[in-house]
Amino acid sequence: MRVTPAIALRLTTLAVGALVMITPFLYMVSTSFKAQQYVLKVPPQFIPDPATLANYERVLTKGNFGHFFLNSVLVAGTSTVIAVFLSAMLAYGFARYRFPAREWLFRLLLLGLMIPAMMLIIPQFILAKWLGLIDSLPGLVVFYVAGNLALNTFLLRGFFEALPAELDDAMQIDGANDWRRFLDLALPLGRPALATATIFTFLATWDEYAWALTSITTPENQTLPIAIALMQGPKGTQWGLVFAASIIAIVPVIAVFLTFQRHFVQGLTSGAVKG
Amino acid sequence: MSFTPTRRGALLSMVAGAAILIALPALADDVTLTFWGAYGNGGNSTQQDALNATLIPAFEAAHPGIKIKYVDIPYDSLLQKLTTSAAGGELPDLVRADLGWVPQFAKLGVLVPLSDTMADFKTFADATYPGSLSTNLYQGKYYGLPLDTNTRVLVTSQAALDKAGMSAPPKTFDELKAMADKLKGTDMQVFADGGLGGWNILPWIWSGGGNITDPDLTKASGYLDGPDSVAAVQMLVDLYKAGQIPNLIIGNSGATSTSDGLPSGNYATILDGPWMAGIWKDQYPDFTPIYASIPAGKGGSISVVGGEDIVLTSASKNQDAALEFIRFSQSEQFQVEMVKTGQMTVIPAYADQQTAIAPFYATFGEQLKTAKSRLAISSSSKVDSILSTELTPAFKGDVSVQDALTKAAGQIDDLLAAEK
Amino acid sequence: MDQVRRYLAPALFIAPGMLLYLVFIVYPMLQAVAMSLFDWQVVAGAVSVFRGLDNYARALADPRVWLSLSNSGVYMLFTVPPQIALGLGVALLLKDKSPAQPFFRVLYYLPVVTSWVVVSLLFKYLFADKGLINWGLGLQVSWLSDRWTAMVAICALGVWKGIGWSMMIFLAALQGVPQALIEASKIDGAGPWMRFRTVTIPAIWPTVAFVTIMLVIGGLNVFTSVQNMTGGAPGGDTDVVLTYMYRQAFEFLDFGYGSAIAVLLTLLVFALSAIQLRFFRNETMA
């Protein structure tokens with residue numbers, strides 16, 4: 001690739017922006033390698049001196065971090081798959097069909113994005129108790145799926161609406177039923193949007209704290225955000241420990257991001273529409 | 001509650017008999033009690049380890065058939081979790097509750113009044129510090145027993161004393177003001193605190209001879225805005241305006257915290273609790289804190305009681321077993337073991353052992369003898385919010401201290417009236 | 001019969017998700033609204049007194065509600081436009097295939113994946129009296145001690161944390177801009193700005209709408225950063241609606257009042273969203 005002035009300018013802009021974006025993050029990484037007495041010192045110390053692996057060692061060996069990690073992977077993974085699939089169905093239904101009360105139902109869905117989640121906690125807890133869904137991982141999954149439908153449906157609906165109707169019509173003439181058209185046409189073409197939805201849903205369920213805290217009581221069922229919150233205390237917090245745990249907790253989210261963002265380069269750019 | 005000795009003895013043996021009767025079937029079928037707290041928070045597991053590895057096994061060995069399951073909950077979210085669980089009828093058997101929450105939950109009706117249910121309650125209650133015990137009182141009944149306690153004392157450093165040319169920490173309000181004068185022009189401020197809630201300002205008001213309400217908790221007007229209360233707060237405001245107290249006190253969360261400012265020589269004195277010793281030992285190994293009583297005013301040297309209480313919820317299906325654990329929590333074994341992990345005992349009889357474990361506890365133990373508890377009303381959290389909201393403009397100089405306290409007193413009057 | 005067949009397909013697509021949503025979100029939502037009409041007693045089985053609209057009247061007359069609403073509004077106004085502009089800008093720079101592209105994408109996305117609690121603490125520290133910001137700018141400002149300077153710090157965090165999110169959505173949307181249109185526009189001699197205005201923006205318009213609406217909702221619902229950076233201090237001056245509501249509900253256990261505030265906020269956000277939806281729809285037509 002030839003480096004033109006335009007490309008050089010673009011790269012410089014990106015690099016400067018990226019530097020601003022990651023400086024606080026780098027600081028967090030650096031802190032995770034500090035012993036408690038060097039944490040949050042003024043003036044700030046960017047290169048840990050002396051550096052220590054003790055925080056990571058403690059996170060990984062003391063307590064049940066691995067177990068909570070596994071719980072989180074199971075819950076976030078399952079919730080994401082189900083939520084994205086159900087949202088895609090919802091979005092396809094809203095985008096491709098006309099039926100009575102369509103906009104009314106859609107607005108009801110949007111309302112779910114607007115009410116502060118905190119206010120739903122108590123009614124949800126009572127409901128979960130009644131349905132036998134408290135203190136269990138499946139109970140978390142059910143609420144995480146329900147809680148992520150609105151945003152995903154809103155996001156995906158726009159994309160499905162933008163898909164060219166010609167292809168749909170062509171498949172219909174070929175005799176494909178609604179379900180086939182959804183699976184074989186809409187989902188593959190909507191890959192960039194589905195990838196985005198997957199990335200967001202995984203992050204949201206991975207990081208969820210309030211509901212997990214409320215519904216989970218048995219330590220064996222706790223997820224990572226609770227384990228990390230327990231490292232903070234009213235009378236002193238070991239920040240190096242919290243940061244080390246937070247950095248380990250970021251790894252799966254980045255992995256999901258890297259896996260799914262690749263789908264962006266495919267999409268509609270190939271020009272499948274023409275013809 | 002008053003029993004003649006013989007009646008109480010008879011009652012005790014009756015209860016003991018009943019306990020045996022209840023315990024017999026329990027042998028066949030183990031009872032598991034759930035106990036919520038925040039012992040293990042902050043990545044410091046010594047307290048939780050002492051509980052899980054030493055105390056609970058000891059209790060279970062002494063009480064076959066009863067198992068204790070301790071669950072650590074993040075402190076910042078414990079109140080929220082308790083509330084939600086109360087709504088769903090899913091409370092645990094026992095809770096280690098912040099002492100401000102006891103009246104709040106008592107009012108909700110989710111706690112068992114121990115003074116009614118526990119035959120030997122008075123024996124245990126009488127053994128504890130009165131200030132700690134009183135945090136369990138709500139409308140004439142006691143809903144818990146003190147589990148651990150703490151209070152605030154004045155903490156200073158040799159560097160500060162040297163800088164002010166003093167040989168000992170300030171003992172009175174006047175000495176504190178004199179210290180401020182000596183520190184004028186230096187880069188050290190005489191006093192720092194992290195807020196304007198009751199925990200922060202009541203020690204000054206009480207020591208200054210003022211009060212927040214009348215003894216019967218019916219009125220704040222005339223007490224909180226009485227001349228002595230106003231004078232005590234005015235002293236702080238004057239120091240603040242003279243630049244001798246940092247804006248940390250009005251809630252600048254970006255200011256250097258008291259725990260860093262004292263050892264680094266920014267602040268000459270702070271009020272703080274016994275837990276700081278361990279934190280400083282970790283973070284400022286070269287720093288030696290000097291502990292002293294709160295400076296005395298017209299009212300003497302009066303501090304504020306902190307700590308946690310142990311309560312029994314009405315959701316518990318095994319109240320007798322749970323009461324056994326509460327009794328155990330008051331035992332020498334439990335109290336002294338927790339002292340070793342940095343918790344102060346609630347029982348003055350163990351104070352000597354406590355001082356032997358760590359000598360600095362002596363100042364705290366002494367201060368606790370006269371320390372008072374904050375308002376034991378169900379809306380005590382609102383009191384803190386009222387105090388800091390009304391006092392912030394007084395420190396900024398927008399209103400007078402008298403006006404601010406009068407306004408606060410009026411709002412607290414309403415809370416007290418609603419309590420009845 | 002025809003009717004049935006016509007609606008059967010959409011019904012089957014919508015039913016599973018909608019059912020779940022109705023049971024686990026809408027039903028609790030109705031309960032929350034019901035709570036706001038009572039002096040609601042939290043404990044199971046306790047009798048709550050019906051208060052009608054009293055909680056709402058109280059909220060509308062509470063100066064602290066208005067103060068916190070204005071803080072949420074300021075936060076929304078000063079964080080939404082930068083997030084859209086910068087997010088779109090970065091997405092445009094990153095949309096084309098290049099070896100450095102995935103690397104930059106990750107860097108810009110990093111703030112999104114770090115936990116709110118941790119980054120709030122980090123920003124509190126950056127904006128501390130002796131923190132990195134004062135140190136770097138040579139200032140002596142107590143950022144977090146005053147309402148407006150504290151809002152600067154809180155908004156800075158909001159923008160920093162949010163750019164990656166809108167970038168992601170714009171990136172996905174930009175994949176959908178037909179290459180043919182861009183080529184055609186190039187042949188017509190349109191410059192980059194002209195192409196951006198006449199081709200790109202119309203093509204991603206629904207996404208701009210989505211991002212704007214979501215950010216406005218998120219902006220007015222700001223909570224964690226304020227709770228962790230200032231906690232409303234000094235004296236409640238930096239409270240936003242949700243920190244104020246949270247305190248009423250979970251500290252003072254005044255759930256009726258807390259719910260009323262939450263419902264009022266929801267209605268406001270809903271009205272704003274409806275206006276935006278109409279605006280974006282009309283603009284497309286034009």
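Chain letters run A, B, ... following the sequence lines, proteins first, then strands; residues in each count from 1. Quick note: numbers below take in every heavy atom, side chains included, and nothing from hydrogens, waters or symmetry partners.
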Exercise. Just wondering, are more than 12 heavy atoms of other shown residues or ligands nearer than 6.0 Å to CZ in F99(A)?
Worked result: yes

Exercise. Is chain C contacted by the side chain of L14(A), its backbone, both, or neither, given a heavy-atom distance below 4.5 Å?
Worked result: both

Seminar exercise, completed: Assert top hit (heavy-atom pairs under 4.5 Å, partner chain C, pool I22(A), L86(A), I115(A)) equals I115(A)

Seminar exercise, completed: Comparing A209(C), A262(C), S115(C) against chain A, the one with the most heavy-atom pairs below 4.5 Å turns out to be A262(C)

Problem set entry | Residue selection (most heavy-atom pairs with chain C, distance under 4.5 Å) from Q124(A), R96(A), R98(A) | Q124(A)

For this session: For each of Y109(C), Y27(C), Y246(C), F223(C), tally heavy-atom pairs with chain A at distances under 4.5 Å, and name the one with the top tally.
Result: Y109(C)

For this session: Let me know if A34(C) has heavy atoms under 4.5 Å from chain A in its side chain, its backbone, both or neither.
Result: neither

Problem set entry | Option that, when pairs with chain C are counted at under 4.5 Å, heavy atom only, ranks first among F85(A), Y209(A), F182(A), F125(A) | F182(A)

Exercise. Is there side-chain contact between Q261(A) and L171(C), with at least one heavy-atom pair below 4.5 Å?
Worked result: no

Problem set entry | Min side-chain heavy-atom separation P206(C)-E161(A) under 4.5 Å | no

Exercise. Atom CG of L86(C) and atom CE of M21(A): how far apart are they, to the nearest 0.5 Å?
Worked result: 8.5 Å

Exercise. Say you draw a straight line from CE of M28(A) to OG1 of T114(C); how long is it, rounded to the nearest 0.5 Å?
Worked result: 6.0 Å

For this session: Rounded to the nearest 0.5 Å, what's the gap from OG1 on T31(A) to OH on Y125(C)? Could you check?
Result: 7.5 Å

Exercise. In terms of heavy-atom proximity below 4.5 Å to chain A, should L277(C) be classed as side chain, backbone, both, or neither?
Worked result: side chain

For this session: Can you tell which part of L12(C) gets under 4.5 Å to a heavy atom of chain A, answering side chain, backbone, both or neither?
Result: backbone

Exercise. With respect to chain C, which residue among L127(A), I247(A), I126(A) yields the maximal number of heavy-atom pairs within a distance under 4.5 Å?
Worked result: L127(A)

Exercise. Which answer fits W116(C), side chain, backbone, both or neither, if we ask what part of it has an atom under 4.5 Å from a heavy atom of chain A?
Worked result: neither

Problem set entry | Derivation of the side chain to side chain contact (heavy atoms under 4.5 Å, CB included) call for L122(C) and F25(A) | CA-CA 9 Å; L122(C) 219 53; F25(A) 183 80; over 6 Å; no

Seminar exercise, completed: Honestly, the part of P111(C) sitting under 4.5 Å from a heavy atom of chain A is side chain

Seminar exercise, completed: The interface call for V112(C) against chain A, heavy-atom contacts under 4.5 Å, is both

Exercise. Hey, which of P123(A), A128(A), A197(A) has the most heavy atom pairs under 4.5 Å with chain C?
Worked result: P123(A)

Problem set entry | Winner by heavy-atom pair count (cut-off under 4.5 Å) against chain A, out of I14(C), L107(C), V269(C) | I14(C)

Problem set entry | Winner by heavy-atom pair count (cut-off under 4.5 Å) against chain C, out of L203(A), V253(A), L133(A), V145(A) | L203(A)

Seminar exercise, completed: Residue set satisfying side-chain hydrogen bond (donor to acceptor under 3.5 Å, both in side chains) with Y21(C), at least two apart, ordered chain then number -> none

Exercise. Looking only at heavy atoms, what is the nearest atom pair of L120(A) and A32(C), with distance?
Worked result: CD2-CB, 4.4 Å

Problem set entry | Test side chain to side chain contact (heavy atoms under 4.5 Å, CB included) applied to A146(A) - qualifying residues, sequence neighbours left out | L20(C), F24(C), I25(C)

Problem set entry | Student check: side-chain heavy atoms of F257(A) and R105(C) closer than 4.5 Å | yes

Exercise. With only heavy atoms counted, which part of V241(C) is less than 4.5 Å from chain A, the side chain, the backbone, both or neither?
Worked result: neither

For this session: Heavy atoms only, distances under 4.5 angstrom: which of M29(C), K161(C), M35(C) has the most pairs with chain A? Name it, please.
Result: M29(C)

For this session: Mind listing the closest non-hydrogen atom pair of F154(A) and M214(C) along with its distance?
Result: CD2-SD, 3.8 Å

Problem set entry | Over all atoms of both residues, closest heavy-atom pair of T13(A) and Y108(C) | O-OH, 4.1 Å

Problem set entry | Non-hydrogen atoms of P116(A) and T266(C) that approach each other most closely | CD-OG1, 3.5 Å

For this session: Measure I217(C) against the heavy atoms of chain A and call it side chain, backbone, both or neither at under 4.5 Å.
Result: side chain

Problem set entry | Verdict with supporting geometry, F200(A) and W165(C), side chain to side chain contact (heavy atoms under 4.5 Å, CB included) | CA-CA 9 Å; F200(A) 287 166; W165(C) 188 85; 3.4 Å; yes

Exercise. At a heavy-atom separation under 4.5 Å, does L267(C) approach chain A through its side chain, its backbone, both, or neither?
Worked result: neither

For this session: Any chance you could lay out the side chain to side chain contact (heavy atoms under 4.5 Å, CB included) test for R191(A) and Q175(C), step after step, and finish with the verdict?
Result: CA-CA 10 Å; R191(A) 258 155 88 169; Q175(C) 308 302 319; over 6 Å; no

Exercise. What do the steps show when you test V113(C) against D207(A) for side chain to side chain contact (heavy atoms under 4.5 Å, CB included), and what is the final call?
Worked result: CA-CA 9 Å; V113(C) 302; D207(A) 266 354; over 6 Å; no

Seminar exercise, completed: Counting heavy-atom pairs under 4.5 Å with chain A, the top scorer among S259(C), S36(C), P16(C) is S259(C)

Seminar exercise, completed: Cut-off 4.5 Å, heavy atoms of chain A, and the answer for L94(C) is side chain

Problem set entry | Which atom of F243(A) lies closest to which atom of V118(C), heavy atoms considered | CE1-CG1, 3.8 Å

For this session: Over all heavy atoms of both residues, which pair between L90(A) and G17(C) is shortest? Give the atoms and the distance, please.
Result: CD1-CA, 4.0 Å

Exercise. Looking at side-chain heavy atoms only, is the closest gap between L22(C) and L108(A) below 4.5 Å?
Worked result: yes

Problem set entry | Heavy-atom check, side chain of L110(A) versus side chain of S273(C), under 4.5 Å | no

Exercise. Taking the side chain as C-beta and beyond, is there a heavy-atom pair between M18(C) and L109(A) under 4.5 Å?
Worked result: yes

